[in-house]
Amino acid sequence: MPRYIRARIPGGTFFLSVALLERRRRLLVEHVDVLRAAFRKVRRRYPFTIDAIVILPDHFHTVWTLPPGDADFSTRMRLIKSTFSRALPATEHLSAVRSARGERGVWQRRFWEHAIRDEDDLRLHLDYTHYNPVKHGHVRQVREWPHSSFHRYVEAGMYPPDWGGTVAAMNDDRE
């Protein structure tokens with residue numbers, strides 16, 4: 001069995017990506033309130049700051065900052081995933097392996113993490129997070145996607161409301 005080595009930076013800031021096992025499903029936006037409740041429940045027990053987040057139909061990206069002295073984003077993510085899964089009816093197809101282990105078939109087993117190195121790296125990952133609904137073709141403009149911290153950043157004056165343009169506009173800029 002592979003042994004994954006995760007970044008251990010107490011009080012660090014991390015970009016995390018998590019995906020559903022069945023990428024064609026839309027569980028995250030269909031049950032966005034359940035996912036938000038899972039985040040709230042975990043944050044009460046294991047505090048962290050959500051610097052940015054975007055919830056898409058089949059995956060989400062988020063940037064977290066952990067409290068000083070704490071490097072355990074893995075437990076937080078495991079608890080968010082399991083809390084969300086337990087709150088849903090068991091309608092997903094289960095492989096023989098998952099069934100034998102008593103697992104659900106909601107999430108991919110792993111998630112991807114990246115330790116934020118500096119302010120430039122943070123800005124790149126904030127932009128990536130917020131632009132993701134346009135990248136995947138869910139909306140033409142970032143501001144149109146409701147499940148995003150982008151709106152909070154606009155209110156704080158950190159992004160203009162029309163930031164991100166459209167896929168067509170981005171392609172036009174490259175020509």
Side-chain angles (χ1 to χ4, degrees), residues 2-21 25-90 101-133 135-136 142-143 145-159 163-164:
R3 178 154 170 80
Y4 292 91
I5 299 172
R6 299 278 188 196
R8 301 224 19 107
I9 304 168
T13 300
F14 301 90
F15 171 79
L16 305 144
S17 292
V18 186
L20 294 178
L21 180 61
R25 298 188 79 184
R26 299 180 51 82
L27 290 176
L28 300 183
V29 293
E30 290 171 356
H31 302 282
V32 70
D33 292 335
V34 174
L35 184 59
R36 287 178 175 147
F39 268 87
R40 281 191 304 273
K41 181 178 181 179
V42 172
R43 287 178 71 197
R44 279 193 298 271
R45 186 167 173 203
Y46 297 97
F48 63 96
T49 300
I50 299 173
D51 300 301
I53 190 165
V54 66
I55 301 167
L56 293 130
D58 62 348
H59 69 286
F60 68 85
H61 300 290
T62 186
V63 177
W64 294 354
T65 299
L66 299 179
D70 188 339
D72 191 6
F73 55 82
S74 291
T75 293
R76 290 166 171 87
M77 190 59 73
R78 178 180 51 82
L79 291 172
I80 289 166
K81 289 167 66 173
S82 64
T83 300
F84 177 80
S85 298
R86 276 192 236 104
L88 299 179
R101 291 181 179 171
E103 295 178 3
R104 294 287 304 268
V106 176
W107 299 100
Q108 291 182 2
R109 284 199 176 102
R110 306 291 181 210
F111 61 91
W112 192 83
E113 117 272 340
H114 166 79
I116 301 296
R117 295 180 302 269
D118 55 31
E119 288 298 317
D120 290 337
D121 194 31
L122 176 61
R123 173 54 62 189
L124 285 172
H125 285 85
L126 294 176
D127 290 351
Y128 181 85
T129 297
H130 293 132
Y131 191 74
N132 219 251
K135 174 187 169 194
H136 288 285
V142 174
R143 68 178 175 227
W145 191 252
H147 313 298
S148 173
S149 58
F150 174 74
H151 309 287
R152 185 177 69 197
Y153 277 77
V154 169
E155 288 174 13
M158 298 173 74
Y159 282 109
W163 179 88

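From a predicted model like this one, the values you see are computed outputs, not experimental measurements. When a residue number appears, it is its place in the shown sequence, counting from 1.
- Arg117 pairs by the salt bridge (charged side-chain N to carboxylate O under 4.0 Å, His left out) definition with Asp121, not counting sequence neighbours.
- Applying the side-chain contact (heavy atoms from CB on, under 4.5 Å) criterion to Ala52, with sequence neighbours excluded, gives Val63, Leu126, Thr129, His130, Ser149, Tyr153.
- Qualifying salt bridge (charged side-chain N to carboxylate O under 4.0 Å, His left out) partners for Arg8, counting only residues two or more places apart in sequence or in other chains: none.
- Here the shortest heavy-atom pairing between Ile9 and Ala115 reads CD1-CB, 3.5 Å.
- Judged by distance alone, the side chain of His151 and the main-chain N or O of Trp145 form a donor-acceptor pair under 3.5 Å.
- With rounding to the nearest 0.5 angstrom, the NZ atom of Lys135 is 3.0 Å from the OH atom of Tyr128.
- The two residues Ala71 and Pro10 come nearest to each other via the heavy atoms CB-N, 3.7 Å.
- Between the CZ atom in Phe60 and the CG atom in Leu20 there is a gap of 9.5 Å [rounded to 0.5 Å].
- Separating the NE2 atom in His125 from the CG atom in Asp120 is a distance of 12.0 Å, to the nearest 0.5 Å.
- Listed here is the closest heavy atom pair of Ile80 and Ala38: O-CB, 3.8 Å.
- In this structure, Thr83 has no side-chain hydrogen bond (donor to acceptor under 3.5 Å, both in side chains) partners at least two apart in sequence or on a different chain.
- Rounded to the nearest 0.5 Å, atoms CH2 (Trp64) and CD1 (Ile50) are 7.5 Å apart.
- When every heavy atom of Val29 is checked against every heavy atom of Ile55, the shortest pair comes out as CG1-O, 4.0 Å.
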| query | Which is it for Trp107 and Val18 under the side chain to side chain contact (heavy atoms under 4.5 Å, CB included) test, yes or no, and what are the steps along the way? | reply | CA-CA 8 Å; Trp107 299 100; Val18 186; 3.5 Å; yes
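- Put simply, the side chain of Arg45 never gets that close to the backbone of Lys41: no donor and acceptor are under 3.5 Å apart.
- For Phe14 and Phe111, the ring centers are positioned 6.0 Å apart or more.
- Checked by atom type, the side-chain pair Ser74/Arg78 shows no donor-acceptor distance below 3.5 Å.
- Between the Lys81 side chain and the Val106 main chain, no donor and acceptor come within less than 3.5 Å of each other.
- Between Phe39 and Phe48, the ring-plane angle classifies as tilted under the 30° and 60° cut-offs.
- Between Glu113 and Ala7, the shortest heavy-atom distance links the atoms OE2-N, 3.2 Å.
- At a threshold of 4.5 Å between non-hydrogen side-chain atoms, the residues Leu66 and Arg76 count as touching.
- Taking Arg143 as the reference, nothing meets the salt bridge (charged side-chain N to carboxylate O under 4.0 Å, His left out) condition, with sequence neighbours excluded.
- The heavy-atom pair separating Val142 from Gly164 by the smallest distance is CG2-CA, 4.0 Å.
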| request: Would you sort out whether Tyr46 and Thr75 count as a side chain to side chain contact (heavy atoms under 4.5 Å, CB included), showing the intermediate values? | output: CA-CA 9 Å; Tyr46 297 97; Thr75 293; 4.2 Å; yes
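- Under the side-chain contact (heavy atoms from CB on, under 4.5 Å) criterion, Asp127 pairs with Arg123, Tyr159, Trp163, sequence neighbours left out.
- One finds the CD1 atom of Ile53 at 9.0 Å from the CZ atom of Arg152 (value rounded to the nearest 0.5 Å).
- We find the NE2-NE2 distance between His59 and His136 to be 3.5 Å, quoted to the nearest 0.5 Å.
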